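Written below as structure tokens is the structure these notes are about.
Only a predicted model underlies this, so the values are computations on that prediction, with no experimental measurement involved. Sequential numbering from 1 along the given sequence is applied to the chain's residues.
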Amino acid sequence: MAQPIAVVTAVNRFGLGARPGELGDAASDPHGWLLSQLSAGAEVLPDALPNSLDYLRQEGTVRDLRKMAKDSNGDMMAQQAAKDAEKDLRQRIRQEIALRQQVAVVTARSFPERIVRFWSNHFAISTDKNIAASFAAPMEREAIRPHAFGKFSDLLMAIETHPGMLLYLDNTQSIGVDSKAGMRARNAPNPKAARRGLNENLAREILELHTLGVNGGYAQGDVIELAKAITGWSLQRPQDSSDTGSPFRFNANTHEPGDRRVLGKRYREEGEAQGRAILADLALHPATAQHLSFKLARHFVADQPPPQLVAAMAKAYLASGGDLSTLYSTMVKHPLAWAPTARKFKTPQDFLVSSMRALTLDGQKDAARTLDLQARMGHPVFQPRSPAGFADTAADWSGPDALFKRVQAAQTLADAAPQTASNDPVQMATRALGDGMDAETLLAVRRAESPRQGVALLLASPSFQWRA
């Protein structure tokens with residue numbers, strides 16, 4: 001029995017796509033079904049996974065072994081040890097990404113899981129930058145999953161002090177000009193040391209991407225002042241004697257001394273606390289409320305979300321003191337979020353995850369195949385190649401070549417589907433799309449020459465490409 005469109009919207013647009021029986025689970029109260037998932041939060045990945053401090057130490061071991069191999073004059077054992085250590089590190093990361101894929105495919109709380117993925121793209125780091133390659137998946141697990149349903153200020157702080165962001169945007173290399181380390185560098189005979197100074201990358205992206213937005217009212221002077229305030233925000237080193245259990249380390253020797261003025265407000269010199277105070281205020285700035293509300297509404301509702309919806313979300317965010325669950329629930333409860341014209345074109349990641357959920361594929365077992373497909377479709381996992389993340393509008397994913405690759409991917413997925421899932425593609429179409437399936441798609445699936453062809457036609461159909 002087909003399900004009303006509001007049920008399909010709850011599962012396929014706010015969630016990650018319907019698994020067998022899921023439309024029925026949401027049928028009695030689509031809004032309540034989503035809100036109940038918010039109170040439960042995101043899935044928790046196993047504690048046995050290495051934490052970022054483990055990865056930092058392993059990266060240090062790899063660097064040491066590479067150096068030993070380089071200095072060994074061709075010693076084969078030294079070279080092999082370096083290769084083995086690096087292989088082990090990369091294998092651990094691949095295993096975590098496969099587990100992440102499995103969680104998305106099997107979870108019964110796909111709305112929170114989509115929220116986690118939204119924030120991973122909002123706070124994007126790209127693994128094509130080698131220094132940050134090990135930390136994208138751990139950053140999502142350690143900083144985003146635990147904080148995506150509380151205060152935005154806590155999420156923001158967890159992100160900006162995480163190794164992934166500090167390394168990706170070069171803050172570990174930032175040195176205050178008048179800090180102790182900066183003054184030593186000016187007097188150093190080594191020209192390379194003298195060239196090190198203030199790095200604005202992280203401060204700029206905090207203002208432009210993470211909080212206020214590009215039109216949020218900040219100026220270049222605010223970027224410089226924030227960059228000075230977060231000098232000293234760095235990481236534990238292998239030689240550090242104190243083990244706090246956290247990879248983050250505040251280095252007072254590289255921190256720029258003095259008061260700072262950001263967006264017209266003066267922040268006293270208090271070391272590490274100075275930068276934290278600025279971030280706390282940025283989290284509650286009206287421009288941040290507008291920026292986050294617009295991006296969330298664009299992701300969940302429409303490429304051009306209704307201004308009234310965005311305004312209502314921003315107002316609720318500020319009234320709640322930056323509570324993210326309030327922001328999400330305001331969106332879910334607003335009638336404009338469920339308007340007939342509201343829909344989103346699936347990114348390659350969305351397409352693959354929703355396909356795997358419909359086909360009941362095993363997310364971890366089939367991860368290698370599907371993640372390779374995702375990369376070939378222009379959406380490699382954790383690799384947007386820009387701090388701005390992957391694009392989130394239909395125009396960016398619906399070109400002729402992109403659509404052709406979707407047709408190829410649909411056939412590949414249909415070939416991999418369990419025989420039980422492909423025996424009756426018409427029934428599967430009803431389970432996945434309910435009333436969101438158009439008559440032409442249903443007719444094409446019914447006339448397919450084989451069950452697998454019917455599945456491929458369903459996955460490639462216009463109905464399946466949209467989160468309606």
Side-chain angles (χ1 to χ4, degrees), residues 6-7 9-16 22 25-26 28-45 100 103-104 107-123 139-160 162 210-213 279-302 305-306 308-338 342 344 389 392 467:
V7 178
T9 296
V11 176
N12 288 337
R13 179 151 57 78
F14 288 100
L16 294 171
E22 199 164 17
D25 295 339
S28 62
D29 183 5
H31 296 69
W33 183 77
L34 292 172
L35 295 173
S36 67
Q37 292 183 40
L38 284 182
S39 61
E43 301 281 359
V44 178
L45 273 59
R100 173 186 186 261
V103 167
T107 184
R109 303 200 302 269
S110 64
F111 181 35
E113 196 64 26
R114 175 173 289 285
I115 288 170
V116 166
R117 290 180 174 228
F118 166 83
W119 289 117
S120 280
N121 196 52
H122 178 80
F123 293 113
M139 190 175 83
E140 180 182 274
R141 169 166 49 96
E142 296 168 340
I144 294 175
R145 286 185 184 277
H147 297 103
F149 302 89
K151 297 289 187 181
F152 178 69
S153 57
D154 294 333
L155 173 60
L156 181 66
M157 209 73 70
I159 289 289
E160 310 306 353
H162 194 275
H210 301 170
T211 60
L212 306 177
L279 290 188
D281 285 347
L282 288 173
L284 291 175
H285 195 283
T288 298
Q290 174 71 20
H291 181 55
L292 299 183
S293 298
F294 176 82
K295 285 194 69 176
L296 275 160
R298 184 179 64 187
H299 180 78
F300 280 96
V301 179
Q308 303 98 310
L309 171 62
V310 176
M313 291 169 64
K315 181 179 179 180
Y317 173 88
L318 292 172
S320 68
D323 183 70
L324 291 172
S325 287
T326 298
L327 182 60
Y328 311 142
S329 62
T330 300
M331 175 178 64
V332 168
K333 293 174 182 178
H334 202 290
L336 288 174
W338 301 79
K344 288 290 298 183
D392 198 15
R467 293 162 42 210

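Scored by the salt bridge (charged side-chain N to carboxylate O under 4.0 Å, His left out) test, Glu113 finds Arg145 as partners (sequence neighbours excluded). Under the ring pair (Phe, Tyr, Trp, His ring centres under 6.0 Å) criterion, Phe294 pairs with no residue at all, not counting sequence neighbours. Qualifying side-chain hydrogen bond (donor to acceptor under 3.5 Å, both in side chains) partners for Asp392, counting only residues two or more places apart in sequence or in other chains: His299. Taking the side-chain hydrogen bond (donor to acceptor under 3.5 Å, both in side chains) definition, one finds that His122 meets it with Lys295, sequence neighbours left out. Every residue meeting the ring pair (Phe, Tyr, Trp, His ring centres under 6.0 Å) condition with Tyr328, not counting sequence neighbours, appears here in chain and number order: Phe149. Legend: residues meeting side-chain contact (heavy atoms from CB on, under 4.5 Å) with Ala302, ordered by chain and number and at least two apart, are absent. Every residue was checked against the side-chain hydrogen bond (donor to acceptor under 3.5 Å, both in side chains) condition with Asp29, not counting sequence neighbours, and none meets it. For Ser120, the side-chain hydrogen bond (donor to acceptor under 3.5 Å, both in side chains) partners are Glu140, not counting sequence neighbours. Partners of Ala26 by side-chain contact (heavy atoms from CB on, under 4.5 Å), not counting sequence neighbours, listed by chain and number: Val7, Val11, Trp33.
Counting only residues at least two apart or in different chains, side chain to side chain donor-acceptor pair (under 3.5 Å) contacts with residues 148-160 comprise Glu160-His210. Sorted by first and then second residue, the salt bridge (charged side-chain N to carboxylate O under 4.0 Å, His left out) pairs involving residues 310-337 (not counting sequence neighbours) form an empty list. Pairs engaging residues 281-292 under the side chain to side chain donor-acceptor pair (under 3.5 Å) rule: Lys265-Asp281, Tyr267-Asp281 [sequence neighbours left out].
Ring geometry for Phe300 versus Phe118: interplanar angle of 30 to 60°, hence tilted.
Centroid-to-centroid, the aromatic rings of Trp119 and His147 stay 6.0 Å apart or farther.
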